[in-house]
Amino acid sequence: MALQLQIVGNAMQMAVVQLQPGQTVYSEAGKFLFKTTNVSMDTRLSTPSGQQGAGGVGQQGGMGGLLRQAMGTAMQVGQRMLAGESAAFQYFTAQGGEGTLGFAGHIPGEMRALELNGGRAWIAEKDAFIAAESTVNFGIAFSGLRAGMRGGEGFVLERFTGTGTVLIGGAGNFIDLELQDFGGALQVHTGCIVAFEEGISYDVQRVGALNRQGVMNAMFGGDGLSLATLQGHGKVILQSMTLEGLANALRKAEGSDKEGATGGLFSTRVE
């Protein structure tokens, strides 16, 4: 059954999910906001796919199956911790009737519901995951050490497969693009990528040559030496705000010592 939800708000969106009796969704720990009393909450280390063990071997039963399932769960937890993700997930199930619950991200921005049909997977930036139906599998994808070292955003990405709805979040406003509308390739700030369909190649390349103009771009352009290149055919979601930009703005505001009605030059703050 399709997940019924409504995304509300503007600067800091949240998702209000309506669960049917017996329907289950799971979220990253810390993204839950509220629920009705008939929605149970259970914290687990494994994703829905992880409960079956690696490759489904956990279904074979016996001590060997349990051991393989435990090892598969431990590997998943290790990958998520390496990616800086939460080690645990929270599961929510409506019992005895319909239930309502809410989710939100940690930063000002939008949310998006992606519909998976069992075919093409979606790849998302680290920490984009909000919540998903239990029929959606959450995994870790590696973009390659070279891309990660150049990009400054890390080389660990999230990968969603299976069928059903998955909720992702990001910073600022979103824009949806079809790569084929731009000749099959786009160069973007490495921190602007929210998600893209699997099959689109992701690489980080140096901006220009190591000459005077290249140095000027790196030092004063605000984007460093590298840009992410997305190539192929499919959908891409970008965000208008980068986490690095948000952090820099907060540090700048904190350092400018703005106090009182005038602020800035005429600060009334006394040390």
Side-chain angles (χ1 to χ4, degrees), residues 2-3 5 7 13 15 83 85 105 107-133 135-209 214 217-218 221-246:
L3 187 65
L5 64 93
I7 296 177
Q13 290 189 328
E85 305 280 1
I107 55 177
E110 286 195 30
M111 297 178 66
R112 184 63 50 83
L114 305 177
E115 299 297 335
L116 303 180
N117 59 10
R120 203 170 187 183
W122 274 88
I123 307 296
E125 68 168 345
K126 184 176 67 173
D127 204 36
F129 176 66
I130 302 292
E133 289 184 82
T135 51
V136 173
N137 301 322
F138 174 98
I140 298 297
F142 295 89
S143 63
L145 182 60
R146 184 168 66 96
M149 294 289 288
R150 288 182 176 178
E153 303 292 331
F155 62 98
V156 182
L157 301 169
E158 298 174 340
R159 183 173 182 266
F160 306 107
T161 59
T163 60
T165 305
V166 57
L167 283 165
I168 60 172
N173 296 122
F174 286 178
I175 181 171
D176 296 84
L177 302 175
E178 291 279 353
L179 273 188
Q180 51 266 38
D181 294 338
F182 301 90
L186 275 178
Q187 286 186 318
V188 301
H189 189 291
T190 53
C192 286
I193 300 172
V194 179
F196 53 90
E197 288 186 296
E198 190 172 47
I200 294 175
S201 65
Y202 170 86
D203 193 18
V204 179
Q205 299 176 348
R206 182 180 293 114
V207 180
N217 287 341
D223 295 316
L225 279 171
S226 303
L227 289 176
T229 300
L230 298 172
Q231 291 183 303
H233 295 278
K235 298 176 182 178
V236 174
I237 302 175
L238 304 179
Q239 60 190 10
S240 62
M241 179 189 297
T242 69
L243 294 183
E244 180 184 8
L246 176 60

field: Closest heavy-atom pair and its distance - Gly232, Leu179
entry: O-CB, 3.4 Å

query: How close do Leu167 and Ala15 get, heavy atom to heavy atom, and via which atoms?
result: CD1-CB, 3.7 Å

field: Spacing of His189 atom NE2 and Leu227 atom CG [to the nearest 0.5 Å]
entry: 8.0 Å

message: Keeping Gln239 on the side-chain end and Gly172 on the backbone end, is there a donor-acceptor pair under 3.5 Å?
response: no

message: With side-chain contact (heavy atoms from CB on, under 4.5 Å) as the criterion, how do Ile237 and Trp122 come out once you've worked through the C-alpha distance, each side chain's angles and the decisive distance to 0.1 Å?
response: CA-CA 11 Å; Ile237 302 175; Trp122 274 88; 4.2 Å; yes

- request: For residues Phe160 and Ile168, determine if any side-chain heavy atom of one lies less than 4.5 Å from a side-chain heavy atom of the other.
  value: yes

task: Would you name the heavy atoms of Phe129 and Glu158 that are closest together and state the gap between them?
output: N-OE1, 3.0 Å

Expected output: side-chain Gln180 to main-chain His233 donor-acceptor under 3.5 Å: no

message: Once rounded to the nearest 0.5 Å, what's the spacing between atom CD1 of Ile123 and atom OH of Tyr202?
response: 11.5 Å

- line: For Thr165 and Ala113, the nearest pair of non-hydrogen atoms, with its separation, is CG2-CB, 4.0 Å

- request: Working to the nearest 0.5 Å, report the span between CD of Gln13 and CZ of Phe174.
  value: 8.0 Å

Validation row: Phe196, Leu157 side chains within 4.5 angstrom (heavy atoms): yes

statement: Distance col, row Ile193:CD1 vs Lys126:NZ, nearest 0.5 angstrom, shows 14.0 Å

query: Got a second to check how far Cys192's SG is from Gln187's CD, nearest 0.5 Å?
result: 13.0 Å

- line: Smallest heavy-atom separation, Thr163 atom then Asn117 atom, equals CG2-C, 3.7 Å

statement: Only residue of Val136, Leu3, Thr161 satisfying side-chain contact (heavy atoms from CB on, under 4.5 Å) with Val166 is Val136

- prompt: What's the spacing between Glu125 CD and Asp127 CG if we round to 0.5 Å?
  reply: 7.5 Å

task: Indicate yes or no: at least one non-hydrogen side-chain atom of Arg112 is less than 4.5 angstrom from one of Asp176.
output: yes

message: Taking the side chain as everything from C-beta on, heavy atoms only, tell me whether Arg120 gets closer than 4.5 Å to Ile200.
response: yes

- prompt: Which pair of non-hydrogen atoms, one from Val188 and one from Leu238, has the smallest distance, and what is that distance?
  reply: CG1-CD1, 3.8 Å

statement: Residues passing the salt bridge (Lys or Arg N to Asp or Glu O under 4.0 Å) test with Glu198, sequence neighbours excluded, are Arg159

